[in-house]
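Take a look at the structure below.
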Amino acid sequence: MDRGDCDKHSPKTCRNFVELSRRGYYDNVLCHRIIKDFIVQGGDPTGTGRGGQSILSVKLAEVIGSFTTPRRMALFWSDKNDLLIEATTQIRTLLCGDCNVIALSSCIMLLPQENKRMKESFKVCFCCVRSFKVKTSEPPQEIKTLFEDYSGDGRMSVDEMLRFVIQVQGEKHADSNYVKDIFHRLKHHGVFHPRGIHLEGFYRYLLSDFNSPLPPSGEVWQDMNQPLSHYFLYTGHNSYLTGNQLNSRSSTGPIVKALRSGVRVIELDLWPNSSGTEAEVRHGGTLTSTEDLQKCLNAVKENAFAVSEYPVVLTLEDHLPPDLQKKVAKMVSKTFGGTLFRCTDEYKERFPSPEALKNKILISTKPPKEYLQTQVSQSATTDESVKAKKVADAEELIQEEDEETVAIEYRDLISIHAGNRKGGLKNCLNGDPNRVIRLSMSEQWLETLAKNRGSDLVKFTQRNILRIFPKTTRFDSSNYDPLVGWIHGAQMVAFNMQSHGRFLWMMQGMFKANGGCGYVKKPDVLLSNGLGGESFDPSSKSLQIKTVLKVKIYNGEGWNLDFPQDYFDRYSPPDFYAKASIGIAGIPLDTTSYRTETDTDEWFPVWDKEFEFPLRVPELALLYITVKDYDSNTQNDFAGQTCLPLSEIRPGIRAVRLHDRAGEVLKHARLLVRFVLEPR
């Protein structure tokens with residue numbers, strides 16, 4: 001394509017025109033008027049007489065005007081004043097908000113339909129330019145065949161589309177109104193025709209946001225009337241830190257961001273200030289800054305239910321003497337008022353349900369007695385009799401200072417009691433038949449227990465809540481594999497939300513489930529016992545295959561719009577591969593990964609590769625996909641990722657949107673993937 005000086009005079013025009021040409025938008029459109037040295041009038045691909053499609057976010061309806069001809073060419077803009085140029089029977093120009101007229105001095109030529117490749121140039125030095133023929137994004141052969149099978153005369157009608165949606169996409173609930181809504185949305189994409197959609201429109205539907213692999217409604221569909229211990233909770237660790245665990249800043253910002261991302265468990269570390277008169281939020285024993293406790297409580301109050309009405313749990317890891325515990329109790333009560341849930345005797349043996357706790361804030365921490373026991377157990381002495389005497393003396397001190405206003409007031413604030421790991425690794429999972437508790441342990445403790453006592457962990461978490469936190473040596477705020485906790489029933493797998501990486505992507509993927517409400521019901525395998533009373537053992541080698549997941553990655557597109565030309569490779573288009581990094585993460589026997597071949601020098605990679613995943617516990621599986629640009633001499637460049645809970649994936653051919661390292665959705669980059677679930 002020779003664009004002459006158009007790039008200089010009207011860069012947005014050219015970008016729009018070239019990209020739509022790459023997508024095949026003008027395929028089969030006759031060039032019914034060519035004005036030499038000026039312009040090609042391409043007609044209206046939509047057949048509606050209302051103009052064509054744009055990749056730019058500019059509203060056009062108000063500026064099109066009342067031209068009599070139904071034939072329109074592509075709509076073009078200039079950088080500075082959104083110039084709209086149209087070719088009609090007479091050449092007219094319209095400048096939005098003004099009456100100036102301009103003309104282009106160059107000729108834009110459409111490539112013949114059969115030529116599917118265009119040139120892209122990279123400047124190596126002042127005298128050398130590398131040019132590459134780059135193919136456009138076009139439907140894979142399998143998609144073309146499906147379109148032919150389900151359409152007639154090159155158009156797919158409402159009835160034909162309905163048959164495709166039911167038979168291939170597995171959407172049994174669909175009716176003609178459902179398909180008409182799809183057609184209506186495609187109309188706004190400029191690929192709709194009154195007699196149905198053509199191949200390009202069908203392809204655009206498959207790659208559209210409303211063809212997501214996850215349910216589009218965002219509704220909470222799981223049973224929310226079971227005890228809290230029957231759910232995984234979206235849990236944060238040191239929720240106030242903005243960076244690393246050693247010297248980063250403490251702030252309310254991460255708390256707000258976490259709650260607005262769906263996190264339901266917020267952790268605050270409470271310490272006495274330098275004068276010992278007030279409690280403050282900070283990471284003790286480090287150089288991190290402090291944050292005002294009241295500001296943190298206000299941030300929780302104002303954002304707790306911004307995205308989910310289900311309860312927020314505030315875990316207070318307090319290192320406070322009794323007098324400051326009293327102050328904190330009054331502060332919390334005053335701040336949260338009626339939204340603060342206060343536990344009654346009926347919930348001592350069984351936690352309340354998320355449904356019963358809607359729009360409530362729960363406090364979880366150690367009662368004063370457990371706090372004292374923790375402080376004493378961490379002291380230097382190893383003499384048990386000395387420790388016991390210290391606990392007794394401390395408890396007597398509380399009573400002398402007025403138990404009615406200190407210990408009881410603080411204890412009544414707590415709705416999820418945090419217990420001690422009494423008896424070490426050997427006895428910490430014994431539990432109390434008369435009371436449910438929250439037990440906290442590090443990832444290292446969990447890994448040790450999981451090796452030999454996996455079923456005991458599962459049994460403990462059927463009634464009680466288990467919270468896992470990162471080991472203390474994760475100074476960089478990195479995270480650990482969350483599935484080790486989840487497959488053993490741990491409800492609160494606490495993560496550093498300010499970090500990046502695959503484990504955080506898995507955490508974000510898990511809680512896309514159940515409408516993104518921050519609560520995901522544990523599968524029955526973790527809640528029920530066998531005939532002999534035995535609990536599920538995730539490390540068992542005798543589990544049978546229940547389901548086979550087939551994942552076929554056709555192709556991808558959108559990177560050329562989300563990234564600069566030389567972002568991945570300075571002197572050539574990128575070399576993308578999907579590291580099957582397609583992988584399944586779940587119980588050990590289900591965990592596996594593959595990768596596609598590398599498609600060299602292509603912005604629109606085509607892989608057309610299928611993978612099979614035999615699954616024994618599909619309810620606990622996550623599918624994660626990572627796309628990278630291959631580099632032979634340096635580290636491969638990250639190009640996007642996604643993680644999907646298998647329990648939510650809809651079968652059929654779906655548009656899988658990719659996310660950046662922080663988990664934010666990329667605007668254009670996506671994959672076309674087919675999912676098939678075959679029960680065994």
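Numbers here simply count residues along the sequence, with the first being 1.
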- When you check the gap from the basic side-chain N to the acidic O, do Lys550 and Glu678 get nearer than 4.0 Å? yes

- Query: In Å and rounded to the nearest 0.5 Å, what is the CD1 to OG distance from Ile197 to Ser157?
  - Reply: 9.5 Å

- Query: Is it true that the NZ or CZ of Arg185 lies under 6.0 Å from the centre of Phe210's six-membered ring and within 45 degrees of the ring axis?
  - Reply: yes

- Sidechain-backbone polar pair: Asn479 side chain, Asn496 backbone, donor-acceptor under 3.5 Å: yes

- Is Arg616 salt-bridged to Asp590, going by a charged N under 4.0 Å from an acidic O? yes

- Task: For the pair Ser364 (side chain) and Ser415 (backbone), establish whether a donor and an acceptor sit closer than 3.5 Å, ignoring hydrogens and angles.
- Result: no

- Say whether Glu648 and Trp221, considering side chains only, have a donor N or O and an acceptor N or O under 3.5 Å apart. yes

- Item | Validation row, ring centre Phe202 to ring centre Phe164 under 6.0 Å | yes

- Query: Would you say the side-chain atoms of Lys522 pair up with the backbone N or O of Gly489, donor to acceptor, closer than 3.5 Å?
  - Reply: yes

- Task: Apply the test side chain to side chain contact (heavy atoms under 4.5 Å, CB included) to residues Thr461 and His488: give CA-CA distance (whole Å), side-chain angles for both, the deciding distance (0.1 Å), then the verdict.
- Result: CA-CA 8 Å; Thr461 57; His488 291 93; over 6 Å; no

- SB check Arg163 Asp159 (cutoff 4.0 Å): no

- Message: Please evaluate residues His173 and Tyr178 with respect to the criterion ring pair (Phe, Tyr, Trp, His ring centres under 6.0 Å), reporting the C-alpha separation (whole Å), side-chain torsions for both, the decisive distance (0.1 Å), and the verdict.
- Response: CA-CA 9 Å; His173 67 282; Tyr178 178 82; 5.3 Å; yes

- Taking side chain as C-beta onward, heavy atoms only, is Asn529 less than 4.5 Å from Gln462? yes

- Message: Is there a side-chain contact between Val676 and Leu549 in this structure, where contact means two heavy atoms from C-beta onward sitting under 4.5 Å apart?
- Response: no

- Task: Establish, from distance only, whether the side-chain atoms of Arg463 and Ser229 form a donor-acceptor pair under 3.5 Å.
- Result: no

- Query: Is a side-chain donor-acceptor pair under 3.5 Å present for Tyr231 with Gln491?
  - Reply: no

- Centroid-centroid under 6.0 Å between Trp505 and Phe638 rings: yes

- Query: Should we count NZ of Lys521 as having more than 12 external heavy atoms under 6.0 Å?
  - Reply: yes

- Message: Between Tyr624 and Phe503 (side chain of the first, backbone of the second, donor and acceptor by atom type, cut-off under 3.5 Å), is there such a pair?
- Response: no

- Message: Could you tell me if Tyr150 and Gln167 have a donor-acceptor pair between their side chains, going purely by distance under 3.5 Å?
- Response: yes

- Would you mind checking if Glu148 and Lys144 are paired as a salt bridge, meaning a charged N to carboxylate O distance below 4.0 Å? no

- Query: Quick one: which of Ser540, Ser535, Ser539 gives a side chain to side chain donor-acceptor pair (under 3.5 Å) with Asp537?
  - Reply: Ser539

- Message: For the aromatic rings, using the six-membered ring if either is Trp, is the centroid distance between Phe568 and Phe576 under 6.0 Å?
- Response: yes

- Item | Charged N-O contact under 4.0 Å between Asp637 and Lys628 | no

- Whether Arg670 side chain and Leu207 backbone form a donor-acceptor pair below 3.5 Å: yes

- Interatomic distance, Asn177 atom CG to Ile182 atom CD1 [nearest 0.5 angstrom]: 11.5 Å

- Query: Quick one: does Ser212's side chain have a donor or acceptor within less than 3.5 Å of a partner on Asp209's backbone?
  - Reply: no

- Are the charged groups of Arg474 and Glu443 less than 4.0 angstrom apart, N to O? yes

- Close aromatic pair by centroid cut-off 6.0 Å: Phe305 and Tyr310: no

- Message: For Lys552, I'd like to know if atom NZ has over 12 heavy atoms of other residues, nucleotides or ligands within 6.0 Å.
- Response: yes

- Message: Distance check, rounded to the nearest 0.5 Å: Lys667 atom NZ versus Leu561 atom CG?
- Response: 9.0 Å

- Message: Regarding Arg654 and Glu171, does a basic nitrogen lie under 4.0 Å from an acidic carboxylate oxygen?
- Response: yes

- Query: Is a side-chain N or O of Asn514 found less than 3.5 angstrom from the main chain of Gly516, in a donor-acceptor match?
  - Reply: no

- Message: If I compare all heavy atoms of Met224 with all of Cys517, which pair ends up nearest, and what's the gap?
- Response: CE-SG, 4.2 Å

- Task: Dump the intermediate steps for side chain to side chain contact (heavy atoms under 4.5 Å, CB included) on Met441 and Leu446, then the final yes or no.
- Result: CA-CA 7 Å; Met441 65 174 62; Leu446 174 67; 4.3 Å; yes

- Task: With the side chain counted from C-beta on, respond yes when Leu228 and Ile416 share a heavy-atom pair under 4.5 Å apart, and no when they do not.
- Result: yes

- Message: When you measure from the side chain of Ser442 to the backbone of Trp445, do you find a donor-acceptor pair of N or O atoms at a distance under 3.5 Å?
- Response: yes

- Task: Starting from the C-alpha separation in whole Å, work towards a yes-or-no answer on side-chain hydrogen bond (donor to acceptor under 3.5 Å, both in side chains) for Arg595 and Ser593.
- Result: CA-CA 7 Å; Arg595 63 164 286 176; Ser593 64; over 6 Å; no

- Spatial distance of atom CE (Met507) from atom OG (Ser261) [nearest 0.5 Å]: 12.5 Å

- Message: Using side-chain heavy atoms (C-beta onward) and a distance below 4.5 Å, is Pro140 in contact with Asn555?
- Response: yes

- Query: Nearest heavy-atom pair of Asn211 and Ile653: which atoms, and what distance?
  - Reply: ND2-O, 2.8 Å

- Message: Has Arg657 got a side-chain atom pairing as donor or acceptor with Leu666's backbone, closer than 3.5 angstrom?
- Response: yes

- Student check: side-chain heavy atoms of Thr596 and Phe611 closer than 4.5 Å: yes

- Message: Can you confirm whether Pro213 sits close enough to Phe675 that some side-chain heavy atom of one is under 4.5 Å from a side-chain heavy atom of the other?
- Response: yes

- Task: Take Met161 and Tyr205 through the test side chain to side chain contact (heavy atoms under 4.5 Å, CB included) and record every step on the way to the result.
- Result: CA-CA 11 Å; Met161 183 67 159; Tyr205 150 68; 3.3 Å; yes

- Flag for Glu142-Thr145: side-chain donor and acceptor within less than 3.5 Å: no

- Side-chain contact, heavy-atom cut-off 4.5 Å: Phe232 with Val493? no

- Does Asp629 reach the side chain of Asn636, with side-chain heavy atoms less than 4.5 Å apart? no

- CG/Leu449 to CG/Asp456 distance, rounded to the nearest 0.5 angstrom? 8.5 Å

- Would you say the ring centroid of His198 lies under 6.0 angstrom from that of Phe147? no

- Give the intermediate values and the outcome of side chain to side chain contact (heavy atoms under 4.5 Å, CB included) for residues Leu233 and Val313. CA-CA 9 Å; Leu233 283 70; Val313 179; 4.2 Å; yes

- Message: Check whether Ser499 reaches the backbone of Ser477 with its side chain - one donor and one acceptor, N or O, closer than 3.5 Å.
- Response: yes

- Lys172 and Ile166: which non-hydrogen atoms are nearest, and at how many Å? NZ-O, 3.5 Å

- d(Met156 CE, Leu162 CG) to nearest 0.5 Å is 11.0 Å

- Are any of the side-chain nitrogens in Glu619 or Lys546 under 4.0 Å away from the carboxylate oxygens of its partner? yes

- Can a salt bridge be assigned to the pair Arg502 and Asp481 using a cut-off of 4.0 Å between side-chain N and carboxylate O? no

